[in-house]
Amino acid sequence: MGEKTMPKYVKFLFGGSAGMAATCFVQPLDLLKNRMQLAATQKERATSFQVAKKIIATEGITGLYNGLSAGLLRQATYTTTRLGVYSWLFETFSQGDIKPGFFAKAAMGMAAGVCGAFVGTPAEVSLIRMTADGRLPPQERRNYKNVFDAIIRMTKEEGVLTLWRGAIPTMGRAVVVNAAQLATYSQAKQMLMNTGVFGDGIFLHFLSSMISGLVTTVSSMPVDIAKTRIQNMKTVQGKPEYSGAVDVLAKIVKNEGLFALWKGFTPYYFRVGPHTVLTFVFLEQMNVTYNRVVLGKTGSGGQL
């Protein structure tokens, strides 16, 4: 009888759950980033601290967690789908002991990211709208109660295709993010380990994530701001504000300047690294607990 192992569906469940747990900690940074990206006028522009201060003053401390239900659903759909597709691709292109190389794995990661982004777009649209609501005058707010209310109302009021508004830039961002993270995380980790100062552990993972996060943030933010504006836009007299991602970027550069493409840089950057590390920490603990309680094993939880 073979050794008992963790079923694949449990790995996917833990992966999605770990991402959701990490989101509970970084949700305020997501909200700040979205608010700053939607600030189209000089009057609205402010630093992360000023935006946070205003939210707390006008919406209370819980205002920083507006859209949390959408953030959790995004992780549940995006992360689980991405892990499932990546695992399937990895097994499909593995031949016995011969495993795919780095570039093949990078391509698989980007393809899995695109699939996950498509599945997660309804939650993404809900998140953008729910986090943006507080910056609008009371009479213009959508006032979604939660992510499910948002999805139901969007379907009824604007049509089911609204749930996938901005899907193309969302998938484009997934490609850029996965490519940047895959290329820089392992490289940063190796460089830090080669110094002889750092051992393999959470602190090394954190530093590597922050270095990787810097490259990922710089490269993906223009696509991210295009996605955010498109998903939050309203249709006035049958005409949408933007015709597509290129139109968004062109109007931002023309009206707000080139560097406006990196609005919300600080909260976005400080979300990427910690979210990765927190996800890893939660995932390891879930794996260790399952191995001990269900499989009767001790030691490391292992990787996905």
Side-chain angles (χ1 to χ4, degrees), residues 1-26 69-124 147 164 167 170-171 173-175 177-183 185-186 189 200-202 205 208-209 212 216 272 274-304:
M1 186 174 179
E3 183 183 22
K4 287 199 298 182
T5 59
M6 184 183 295
K8 191 167 294 181
Y9 76 88
V10 174
K11 292 183 179 181
F12 298 154
L13 176 65
F14 284 177
S17 299
M20 292 170 73
T23 293
C24 293
F25 290 87
V26 301
S69 62
L72 294 174
L73 183 62
R74 179 178 65 174
Q75 285 297 320
T77 52
Y78 169 71
T79 302
T80 305
T81 301
R82 183 176 63 165
L83 291 173
V85 172
Y86 181 83
S87 179
W88 171 70
L89 288 173
F90 190 85
E91 289 183 359
T92 300
F93 290 97
S94 295
Q95 297 178 339
D97 293 332
I98 303 174
K99 305 299 181 184
F102 174 79
F103 290 107
K105 287 190 285 188
M108 291 177 198
M110 288 186 278
V114 167
C115 295
F118 180 80
V119 173
T121 295
E124 186 90 33
V147 65
W164 277 271
T170 299
M171 291 187 288
R173 183 191 64 175
V175 170
V177 166
N178 277 278
Q181 285 182 332
L182 282 166
Y185 178 80
S186 58
K189 185 178 176 182
D200 193 4
I202 291 177
H205 300 152
S208 303
S209 295
S212 172
T216 303
V272 172
H275 188 275
T276 301
V277 176
L278 286 169
T279 299
F280 172 81
V281 170
F282 286 125
L283 182 57
E284 277 296 299
Q285 292 308 308
M286 290 176 188
N287 287 338
V288 168
T289 302
Y290 184 92
N291 285 340
R292 185 178 67 246
V293 175
V294 180
L295 303 181
K297 298 179 181 179
T298 58
S300 175
Q303 301 298 318
L304 277 163

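No hydrogens, no waters, no symmetry mates; every other heavy atom, side chains included, goes into these values.
- More than 12 non-hydrogen atoms from other residues, nucleotides or ligands lie less than 6.0 angstrom from OH of Tyr290.
- Distance check: Phe93 CZ to Ile98 CD1 gives 14.5 Å after rounding to the nearest 0.5 Å.
- Residue Ala174 comes nearest to Ala117 through the heavy atom pair CB-CB, 3.8 Å, listed as atom of the first residue, atom of the second, then distance.
- Scanning both residues, Pro100 and Lys105, for their nearest heavy atoms gives O-CE, 3.8 Å.
- Between Cys115 and Arg82 there is no side-chain heavy-atom pair separated by less than 4.5 Å.
- Applying the 6.0 Å contact sphere to CZ of Phe103 captures no more than 12 heavy atoms from other residues, nucleotides or ligands.
- Using a 4.0 Å cut-off between a side-chain N of Lys or Arg and a carboxylate O of Asp or Glu, Glu124 and Arg173 qualify as a salt bridge.
- Listed here is the closest heavy atom pair of Trp164 and Thr121: CA-CG2, 3.6 Å.
- Separation of atoms CD (Gln285) and CZ (Phe14) is listed at 11.5 Å; rounding is to 0.5 Å.
- Judged purely by atom type and a 3.5 angstrom limit, Ser87 has no side-chain atom pairing as donor or acceptor with the backbone of Leu83.
- Taking each heavy atom of Ser69 and Val147 in turn, the nearest pair found is OG-N, 3.0 Å.
- Here Leu278 contributes atom CG and Thr23 contributes atom OG1; the two are 9.5 Å apart, rounded to the nearest 0.5 Å.
- A heavy-atom distance below 4.5 Å is not found between the side chains of Arg292 and Lys297.
- Panel note: side chain Ser94, backbone Phe90; a donor-acceptor pair is recorded below 3.5 Å.
- Residues Thr289 and Met286 have side chains not in contact (no heavy-atom distance under 4.5 Å, counting atoms from C-beta outward).
- For the residue pair Met6 and Asn291, the shortest heavy atom distance occurs at CE-OD1, 3.9 Å.
- Residues Leu13 and Thr80 fail the side-chain proximity criterion, which asks for heavy atoms closer than 4.5 Å.
- At least one side-chain heavy atom of Ser209 sits less than 4.5 Å from a side-chain heavy atom of Tyr185.
- In this structure, Phe25 and His275 have side chains that are not in contact, with every pair of non-hydrogen atoms separated by 4.5 Å or more.
- In this structure, Met20 and Leu72 approach most closely via the heavy-atom pair O-CD2, 3.3 Å.
- Between Arg74 and Thr79, the closest side-chain pair of non-hydrogen atoms is not below 4.5 Å.
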